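Accompanying notes for the structure given below.
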Number of protein chains: 2
Amino acid sequence: MHKDDANLDELDLRILERYQHDTLLPARTIGEEVGLSTAAVQRRLKRLREVGVIRREVAELAPKAVGLPITCVVAVDLDQERTADLERFKQRMQGLPEVQQCYYVTGQADFILIVLVASMEAYDAFTQRALLTDANVRSFTTSVALERVKTGVAVALPPAPPR
Amino acid sequence: MHKDDANLDELDLRILERYQHDTLLPARTIGEEVGLSTAAVQRRLKRLREVGVIRREVAELAPKAVGLPITCVVAVDLDQERTADLERFKQRMQGLPEVQQCYYVTGQADFILIVLVASMEAYDAFTQRALLTDANVRSFTTSVALERVKTGVAVALPPAPPR
DNA sequence: CATGAAACACACTCCCG
DNA sequence: CGGGAGTGTGTTTCATG
């Protein structure tokens with residue numbers, strides 16, 4: 001698993017900059033902008049997928065439109081923080097569909113979760129099933145999102161990489 | 001702006017369930033799985049885009065691979081919380097490339113940010129430019145992500161919608 | 001070794017039944 | 001909605017620098 005710096009040249013970055021925001025964009029269009037042929041652009045995209053720079057191409061859905069209008073940010077504090085305990089918790093989070101994102105972090109809390117649910121009742125059920133019944137969860141605090149100001153997986157690429 | 005419940009039938013949901021995780025998947029394949037023709041699947045996808053259920057199709061990049069190995073979760077507490085102040089802060093966040101996500105939330109903090117940076121120096125520079133110099137930012141706390149356990153924008157669709 | 005041009009295969013679009 | 005013809009895109013091959 002080698003997800004670290006695959007030496008990307010400036011062309012790769014310029015391609016990614018356009019492509020990551022809209023994968024429906026024809027390679028031909030990208031090629032025109034960066035000064036490359038269609039084939040060259042696609043070869044590079046294929047390589048970027050293979051080396052893991054592009055993890056996957058996904059569709060971003062509007063949570064409200066699919067019946068999940070509520071977003072919660074949850075800070076979880078664990079009791080035991082041995083490796084095995086952490087690993088177990090991580091795997092539990094991976095398997096929970098409500099957990100859209102999960103970060104293992106420094107600071108007061110051990111984990112930060114982004115949770116999407118259909119209703120507060122559903123959130124309550126989630127906390128019961130996922131947190132309250134876990135003996136190793138010492139405590140957690142919930143922040144309900146009043147607005148999703150900015151979302152997505154888009155990444156800010158360096159404007160001028162090494163030359 | 002009508003991003004609310006576009007009445008989705010079970011077929012739509014099953015299509016989305018597959019498509020949202022991999023937009024490269026041929027409509028033909030999806031059609032086989034849900035029992036629909038290629039054309040029907042594409043018609044539905046087009047409609048789902050038009051009504052805003054599908055917000056956009058994006059490529060998820062590996063942050064490390066593009067030189068942004070550090071993820072921080074930042075809880076920001078504002079001083080003045082009048083509408084104008086909130087709006088100004090939101091728009092600032094929208095414009096900052098390091099801010100990958102931003103939620104306006106209830107609870108102790110006013111905003112939760114997911115910030116991606118190349119180094120701790122870059123993070124320090126970010127806090128200076130984005131937070132410390134903002135007179136309306138009362139305080140903020142940073143949690144550095146030791147691991148991105150679960151990421152992405154994938155959403156858990158209801159397993160068995162109305163029949 | 002990466003590129004560009006062309007041939008090829010495949011996926012999407014549109015129209016009709 | 002399904003099926004087909006037409007179009008556009010992605011893929012492969014090959015010759016070139």
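Remember, it's a predicted structure, so these values are computed and weren't measured experimentally. Because only heavy atoms are used, hydrogens play no part in the values below, and waters and symmetry mates are left out as well, while side chains stay in.
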All salt bridge (Lys or Arg N to Asp or Glu O under 4.0 Å) counterparts of A:E17, not counting sequence neighbours:
none
Whole angstrom value for the distance that separates C1' of D:dC1 from CD of B:E32
17 Å
Taken to the nearest 0.5 Å, the spacing of A:C102 SG from A:K90 NZ works out to 9.0 Å
Examine the side chains of A:Q100 and B:T151 and answer whether a donor and an acceptor come within less than 3.5 Å of each other.
no
Validation: residues 39-47 of chain B side-chain donor-acceptor distances under 3.5 Å, sequence neighbours left out:
residue, atom, partner, partner atom, Å
B:R44, NH1, B:D9, OD1, 3.0
B:R44, NH1, B:D9, OD2, 3.1
B:R44, NH1, B:D12, OD1, 2.9
B:R44, NH2, B:D9, OD2, 3.3

Once you round to the nearest 0.5 Å, how far does CG of B:L131 lie from CZ of B:F140?
5.0 Å
Just the atom pairs and distances: protein N or O near nucleotides 2-6 of chain D's N or O, under 3.5 Å.
residue, atom, partner, partner atom, Å
D:dG2, OP2, B:S37, N, 3.0
D:dG2, OP2, B:S37, OG, 3.0
D:dG2, N7, B:R43, NH2, 3.2

For B:Q20 and A:E60, test the side chains for any donor-to-acceptor distance below 3.5 angstrom and give the result as yes or no.
no
Assess whether a salt bridge exists between B:D22 and A:R56, defined as any Lys/Arg side-chain N lying under 4.0 Å from an Asp/Glu carboxylate O.
no
Have a look at A:R47 and say if it touches a base, only the backbone sugar-phosphate, or nothing, with a 4.0 Å heavy-atom cut-off.
nothing
Residues touching DNA chain C, which here means a heavy atom under 4.0 Å, drawn from residues 22-29 of chain B:
B:P26, B:A27
Taking only distance into account, with no hydrogens and no angle test, what donor-acceptor pairs under 3.5 Å do side-chain atoms of residues 110-124 of chain B form with protein atoms, sequence neighbours excluded?
residue, atom, partner, partner atom, Å
B:D110, OD2, B:L78, N, 2.6
B:S119, OG, B:E121, N, 3.4
B:S119, OG, B:E121, OE1, 3.3
B:S119, OG, B:A122, N, 3.0
B:Y123, OH, B:T142, OG1, 2.5

Pairing of B:E33 and B:R28 as salt bridge, 4.0 angstrom limit:
no
Overall bend of the helix from C:dC1-D:dG17 to C:dG17-D:dC1 (five pairs an end, 10° steps) is 20°
Just N and O in the side chain of A:K46: are any of them under 4.0 Å from OP1 or OP2 of D:dT12?
yes
d(OH, B:Y19; P, C:dA11) in whole Å:
14 Å
Write down the distance between CZ (A:R44) and P (C:dC1), rounded to a whole number of angstrom.
15 Å
